[in-house]
Amino acid sequence: MARFRKIDLDTARVRRLLEPGPIVLVSSHWKGERNIMTMGWHTVMEFTPSLVGCIISSGNHSFGLIRRSKECVINVPTTKLTDTVVGIGNTTGGEVDKFAKFGLTAIEATEVKAPMIGECHANLECRLHDGRLIGKYNFFVWEVVKAHVAPRPKYPETLHYTGDGVFMVAGKIIDRHKGFRPGML
Ligand SMILES: Cc1cc2nc3c(=O)[nH]c(=O)nc-3n(C[C@H](O)[C@H](O)[C@H](O)COP(=O)(O)O)c2cc1C
């Protein structure tokens, strides 16, 4: 098999290789105020219970709402919302109501007070599972307590961030189901 010739990469830019996405929109609510931020830095941590970790910068307006409420909704947008994803990630909820500004529908969630975004492919209602790394790394560990997903398309066209304002789009499917041990599926 052919090998790749490599060049040095500035370690500050390895994010371009490791941020797999999909880009998500995190909605929040605290004492009558609601907000949305764009997020790429998240990771699956465990299946049962369903744990997801993520970084929410303390400079973001969302940080205060989310840390106080200990809740959020992780919404998964598709390419139809590309400009909205960019707009939400480049404005702050301290100044505008992003639901109104970007024409998004706030749907009441079942388990948390944070609203779900109707225009997204999926909405994951989350409760804080472990906040011990918030002070040190702004790292929140969430338990997904309720998940809503559109039945179609099965493989949505999600956005994956590569830095520098450039996204990759999920596309071609490769099915290697047969090569997996049952426990790995
Ligand atoms: C593609 C993209 C990915 C982002 N990923 C994150 C992230 O993972 N964590 C974070 O704290 N901010 C991230 N941001 C920045 C926030 O979305 C941005 O600061 C936003 O304005 C915060 O909104 P708020 O002040 O209303 O909370 C990202 C922005 C973009 C455009």
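Just so you know, ligand 1 is whichever comes first in the structure, and atom 1 is the first atom listed for that ligand.
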*Specify side chain, backbone, both or neither for T92, according to which of its non-hydrogen atoms lie closer than 4.0 Å to ligand 1.*
both

_Where ligand 1 meets I23 - atom numbers and elements under 4.0 angstrom, heavy-atom basis_ = 1 (C), 3 (C)

*I88 heavy atoms, cut-off 4.0 Å: which ligand 1 atoms fall inside?*
20 (C), 21 (O)

*Nearest to atom 8 (O) of ligand 1, what protein heavy atom do you find, and at what distance?*
W41 N, 2.9 Å

*For atom 15 (C) of ligand 1, what's the nearest protein heavy atom and its distance?*
T38 O, 4.1 Å

*Determine whether any heavy atom of N35 lies closer than 4.0 Å to an atom of ligand 1.*
yes

_Closest protein heavy atom to atom 27 (O) of ligand 1, given as residue, atom name and distance to 0.1 Å_ = S62 OG, 2.5 Å

*Flag G40 as yes when one of its N or O atoms lies below 3.5 Å from any N or O atom of ligand 1, and as no otherwise.*
yes

*At what distance is the nearest protein heavy atom to atom 11 (O) of ligand 1, and which residue and atom is it?*
S57 N, 2.7 Å

*Can you list every pair that meets ring pair (Phe, Tyr, Trp, His ring centres under 6.0 Å) and has a residue in residues 35-89, with sequence neighbours left out?*
F63-F140

*Quick one: nearest non-hydrogen protein atom to atom 9 (N) of ligand 1, plus distance?*
I55 O, 3.0 Å

*For ligand 1, is there an N or O atom under 3.5 Å from any N or O atom of F167?*
no

*Starting from atom 26 (O) of ligand 1, locate the nearest protein heavy atom and write down its residue, its atom name and how far away it is, to 0.1 Å.*
G93 N, 2.6 Å

_Residue T91 vicinity, atoms of ligand 1 by number, heavy atom under 4.0 Å_ = 20 (C), 21 (O), 23 (O), 26 (O)

_Protein contact to atom 23 (O) of ligand 1 [nearest heavy atom, distance to 0.1 Å]_ = K98 NZ, 3.1 Å

*Check each heavy atom of N60 against ligand 1 and say whether those closer than 4.0 Å belong to the side chain, the backbone, both or neither.*
both

*With sequence neighbours left out, write down each residue that passes ring pair (Phe, Tyr, Trp, His ring centres under 6.0 Å) with F99, or none if nothing qualifies.*
none

